[in-house]
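Have a look at the structure below before the remarks.
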There are 2 protein chains.
Amino acid sequence: MRTTEYTRDNMVDLLRQHGINPTHQRIEIAHALFSHYGHLCADQVMAITNAKHSETSKATVYNTLNLFLEKKMIREVIVDPSKVFYDPNTYPHHHFYNTATGELTDIDVEDIGLTGLPQLPPGLVTEGVDIIVRVRPSP
Amino acid sequence: MRTTEYTRDNMVDLLRQHGINPTHQRIEIAHALFSHYGHLCADQVMAITNAKHSETSKATVYNTLNLFLEKKMIREVIVDPSKVFYDPNTYPHHHFYNTATGELTDIDVEDIGLTGLPQLPPGLVTEGVDIIVRVRPSP
DNA sequence: CCAAGGGATTGGACTATGTCTAATTCTTCG
DNA sequence: CGAAGAATTAGACATAGTCCAATCCCTTGG
Ligand SMILES: [Mn+2]
Ligand SMILES: [Mn+2]
Ligand SMILES: [Zn+2]
Ligand SMILES: [Zn+2]
């Protein structure tokens with residue numbers, strides 16, 4: 001449960017906390033992701049940041065999203081073979097994916113119990129566990 | 001545990017069992033998927049079916065993979081934003097995904113216990129649950 | 001204040017996966 | 001055989017994402 005206000009000033013702090021130099025475009029992109037608080041894909045981020053009148057290029061949108069990922073300020077959700085979703089919620093959680101509408105909904109990890117994962121072969125380490133529940137409108 | 005031999009004749013039966021007219025190209029593609037018994041992507045399927053000397057076009061590879069999916073003879077695994085993997089194992093199961101090598105490994109669903117999934121909103125029905133454990137070589 | 005340097009941004013070319021279409025070929029069956 | 005329908009095909013097309021060299025911008029030190 002988040003109560004923070006997603007002002008541009010707070011975005012600056014957030015960027016700094018992740019070791020990211022807060023430039024104008026980065027602040028706008030962070031603001032788009034966090035104020036919208038949902039699961040956006042790159043073209044939606046681009047549309048939102050360019051909605052008013054400022055210009056942010058496609059290259060910068062992708063550069064920035066990949067930088068945010070690298071610095072773990074956001075995470076990606078891979079459920080659709082044709083595009084990546086970017087998720088401002090980096091707290092571990094899972095997803096419902098509505099295959100008819102493309103809508104993603106969070107599932108709190110507290111609720112979930114997952115047991116019986118096999119031992120990893122030696123030399124491997126777990127990066128994360130993604131649970132995706134694919135849903136669609138009943139017929 | 002599968003013990004079937006993946007001969008072309010058996011592929012013909014398998015295609016018929018799924019209501020698919022067994023043509024030369026479809027038999028070859030099914031054979032590639034099932035004899036390799038792994039998780040292949042479209043370009044690998046195409047490379048394998050065209051390895052000897054016969055010709056199967058890119059359009060046919062995609063047509064056929066999508067037909068197999070539709071008829072539920074195979075399933076798709078979405079873990080990499082840049083390509084789909086096709087899985088001849090349609091028995092419910094989950095996956096390890098090695099993000100360094102791109103390798104997918106099955107996790108038997110018998111082993112797994114999953115509890116606490118929230119109730120679905122009315123009007124929605126579950127299509128499937130995918131658990132992906134992303135792993136990488138230890139540092 | 002200016003100039004230099006490094007980081008950030010940019011347009012546009014490029015790549016890769018996947019789709020579409022219209023023409024062709026193959027199969028089935030009377 | 002000949003017609004009809006199904007399957008295959010080459011190649012154009014769509015689209016997400018990457019790459020690159022040129023430019024821009026911001027900091028800093030003289
Ligand atoms: Mn991608
Ligand atoms: Mn498998
Ligand atoms: Zn989420
Ligand atoms: Zn599998």
Side-chain angles (χ1 to χ4, degrees), chain A residues 11-12 15-16 18-33 39-50 52-71 73-87 99 102 104, chain B residues 11-12 15-16 18-33 39-50 52-71 73-87 99 102 104:
Chain A
M11 291 302 100
V12 171
L15 289 162
R16 291 226 171 86
H18 287 86
I20 299 168
N21 194 13
T23 65
H24 182 62
Q25 285 90 339
R26 289 170 180 176
I27 295 165
E28 284 308 308
I29 290 172
H31 186 256
L33 288 166
H39 304 83
L40 304 179
C41 53
D43 64 323
Q44 291 176 305
V45 170
M46 180 143 176
I48 294 169
T49 57
N50 285 333
K52 289 272 169 169
H53 67 292
S54 99
E55 295 298 340
T56 303
S57 71
K58 185 176 66 155
T60 297
V61 169
Y62 280 103
N63 285 346
T64 302
L65 289 171
N66 287 330
L67 177 67
F68 288 1
L69 284 176
E70 193 186 310
K71 300 292 188 175
M73 201 179 88
I74 62 178
R75 66 183 262 199
E76 59 186 344
V77 184
I78 298 165
V79 286
D80 181 317
S82 75
K83 65 189 158 193
V84 171
F85 289 96
Y86 297 90
D87 193 338
T99 54
L104 273 172
Chain B
M11 291 303 101
V12 171
L15 289 163
R16 291 225 171 89
H18 288 84
I20 299 169
N21 193 14
T23 65
H24 182 62
Q25 285 89 339
R26 288 170 179 175
I27 294 166
E28 284 307 309
I29 291 172
H31 186 257
L33 288 165
H39 304 84
L40 304 179
C41 53
D43 64 323
Q44 293 175 305
V45 170
M46 181 142 172
I48 294 169
T49 57
N50 285 332
K52 290 274 171 166
H53 66 293
S54 100
E55 294 300 340
T56 304
S57 72
K58 184 176 66 153
T60 296
V61 169
Y62 279 103
N63 286 347
T64 302
L65 289 171
N66 287 331
L67 177 67
F68 288 1
L69 283 177
E70 194 186 310
K71 299 292 188 176
M73 201 179 89
I74 62 178
R75 67 183 262 199
E76 58 185 345
V77 184
I78 298 167
V79 286
D80 180 318
S82 76
K83 64 188 157 191
V84 171
F85 288 95
Y86 297 90
D87 193 339
T99 53
L104 274 171

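Lettering of chains follows the sequences in order, A, B, ..., and the numbering in each one begins at 1.
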Item to complete: Verify side chain to side chain contact (heavy atoms under 4.5 Å, CB included) between A:Val45 and A:Thr49, making sure each step is shown before the conclusion.
Response: CA-CA 6 Å; A:Val45 170; A:Thr49 57; 4.3 Å; yes

Separation of atom [atom1] in [X] from atom [atom2] in [N], rounded to whole Å:
X: A:Glu76; N: D:dA16; atom1: CD; atom2: P; result: 16 Å
X: B:Phe85; N: C:dT17; atom1: CZ; atom2: P; result: 11 Å
X: A:Leu15; N: C:dA8; atom1: CG; atom2: C1'; result: 14 Å
X: A:Arg26; N: D:dC24; atom1: CZ; atom2: C1'; result: 14 Å
X: B:Ile20; N: D:dA6; atom1: CD1; atom2: C1'; result: 14 Å
X: B:Leu65; N: C:dT17; atom1: CG; atom2: C1'; result: 13 Å
X: B:Met46; N: D:dT8; atom1: CE; atom2: C1'; result: 12 Å
X: A:Gln25; N: C:dG11; atom1: CD; atom2: P; result: 10 Å

| field | Distance test, side-chain N/O of A:Thr23 to OP1/OP2 of C:dT9, below 4.0 Å | value |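 It does, given that an N or O in the side chain of A:Thr23 lies less than 4.0 Å from OP1 or OP2 of C:dT9.
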
Fill in: Whether B:Glu28 side chain and B:Gln25 backbone form a donor-acceptor pair below 3.5 Å
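No, because the side chain of B:Glu28 does not come within donor-acceptor range (under 3.5 Å) of the backbone of B:Gln25.
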
TODO: Kindly point out which of D:dT8, D:dT9, C:dG11 is positioned nearest to the side chain of A:Ser57?
DONE: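 Ranking D:dT8, D:dT9, C:dG11 by closest atom to the A:Ser57 side chain puts C:dG11 first.
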
| task | Determine, stepwise, if the pair A:Asp87 / A:Ile74 fulfils side chain to side chain contact (heavy atoms under 4.5 Å, CB included). | result | CA-CA 6 Å; A:Asp87 193 338; A:Ile74 62 178; 6.0 Å; no

* B:Ala30 and B:Met73: which non-hydrogen atoms are nearest, and at how many Å? ->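 For B:Ala30 versus B:Met73, the nearest heavy atoms are CB-CE, 4.0 Å.
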
request  = Identify the two heavy atoms, one from B:Ala32 and one from B:Leu40, that lie closest to each other, and give their separation to 0.1 Å.
outcome  =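 Taking every non-hydrogen atom into account, O-CD1, 3.9 Å.
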
Open item on the list: What verdict does the side chain to side chain contact (heavy atoms under 4.5 Å, CB included) test give for A:Leu65 and A:Leu33, after you've listed the backbone C-alpha separation in whole Å, the side-chain angles of each residue and the deciding distance to 0.1 Å?
Closed with: CA-CA 10 Å; A:Leu65 289 171; A:Leu33 288 166; 3.8 Å; yes

Going 5' to 3' through nucleotides 18-30 of chain C and flagging B where a protein heavy-atom sits under 4.0 Å of the base, S where only the sugar-phosphate is that close, and - otherwise, we get BBB----------

**Prompt:** With a 4.0 Å cut-off on heavy atoms, is A:Thr60 in touch with a base, just the backbone sugar-phosphate, or nothing at all?
**Reply:**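 Counting heavy atoms under 4.0 Å across all strands, the contact made by A:Thr60 includes a base.
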
For A:Thr60, side chain to side chain donor-acceptor pair (under 3.5 Å) partners two or more places apart
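A:Ser57.
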
